[in-house]
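No experiment lies behind these values; they were computed from the predicted model shown.
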Amino acid sequence: MKNSTQPNADIVWHQHAVDQAARAAQKGQQPVLLWFTGLSGAGKSTLAGALERALFEAGFHTYLLDGDNVRHGLCKDLGFSAADRDENLRRVGEVAHLMVDAGLLVLSAFISPTRAERDAIRCRFAAGRFIEVHVSTPLAVCEARDPKGLYQKARKGEIRDFTGISAPYEEPLAAELTIDTSKGDLNTQVQALLDYLSALEVIPSTRLQASA
């Protein structure tokens, strides 16, 4: 029996008449994946959500992939073993790749604790299409926030292999952006992201100014 994990020679990628460049031109933006990584409670979802709101209000086409949301459907069959967590991120990376091909500005908020996991997703994208945002909020701050009570459970041993407590988090070595949400305010942090995207010409600065 053929190993189902191996590529099938009969399956080929079809190049369609409407491609990524055409979709991007229609939307007036350069599609990218912004990958927010950091500890639980670091502020990844809050920051990504605020950035998406700012982009949406400026007329850009976006989608936010959130760690909890994908487990309601796309990854509802997965648990939290190391293998399942790897598969969870692999699926998210593939969906994000399709969304970027659709011309969207895609934002994702996942702990994604290992460099190997994040690098594997980066490798799926053309140069400049993957932007790693390290939400570097210190562990003590994340634990003090503990919005879901997960750190408390981890300290009690009720959650095994919890990132930052009983499992390691490998900080990015060369993230495109690093933001500590314990410093400054959310508006300033979002503006730093917008300025970065504008400098890369991912989004036209004129449209941001018009929406201000």
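- Between the CD1 atom of Ile203 and the OG1 atom of Thr62 there is a distance of 11.0 Å, given to the nearest 0.5 Å.
- A salt bridge does not link Lys153 to Asp146: none of the charged side-chain nitrogens sits closer than 4.0 Å to a carboxylate oxygen.
- When atom types are taken as modelled, the side chain of Ser112 and the backbone of Phe110 share a donor-acceptor pair closer than 3.5 angstrom.
- A salt bridge does not link Glu117 to Arg122: none of the charged nitrogens lies less than 4.0 Å from a carboxylate oxygen.
- Side-chain atoms of Thr137 and Ser182 include no donor-acceptor pair closer than 3.5 Å.
- Note on Arg91 versus Glu94: no salt bridge recorded, every NZ/NE/NH1/NH2 to OD/OE distance being 4.0 Å or above.
- Between the CZ atom in Phe36 and the CG atom in Leu65 there is a gap of 12.0 Å [rounded to 0.5 Å].
- Looking at Thr114 and Tyr169, their side chains never bring a donor and an acceptor atom within 3.5 Å of each other.
- Note that NE2 of His134 and CD of Glu171 are 4.5 Å apart. Values are rounded to the nearest 0.5 Å.
- Among Leu64, Val190, Val106, Leu47, the one residue that satisfies the side chain to side chain contact (heavy atoms under 4.5 Å, CB included) test with Glu52 is Leu64.
- In this model, no donor atom of one side chain and acceptor atom of the other lie less than 3.5 Å apart for Asp195 and Ser198.
- In this structure, Gln189 contributes its side chain and Lys183 its backbone to a donor-acceptor pair below 3.5 Å.
- Side-chain atoms of Lys44 come within 3.5 Å of backbone atoms of Gly38 as a donor-acceptor pair (strictly under, hydrogens ignored).
- Between Arg155 and Glu143 a salt bridge is recorded (basic side-chain N to carboxylate O distance below 4.0 Å).
- Gln191 and Asn187 share no donor-acceptor pair across their side chains, judged by distance under 3.5 Å alone.
- With no hydrogens or angles considered, a side-chain donor-acceptor pair links Arg145 and Thr181 at under 3.5 Å.
- With a 6.0 Å cutoff to the six-membered ring centre and a 45° limit on the axis angle, Arg118 does not count as a cation-pi contact of Phe130.
- Ser45 and Asp66 are linked by a side-chain donor-acceptor pair at a separation below 3.5 angstrom, with hydrogens and angles left out of the test.
- Sparse packing is recorded around CD of Glu201, with 12 or fewer heavy atoms of other residues, nucleotides or ligands lying under 6.0 Å away.
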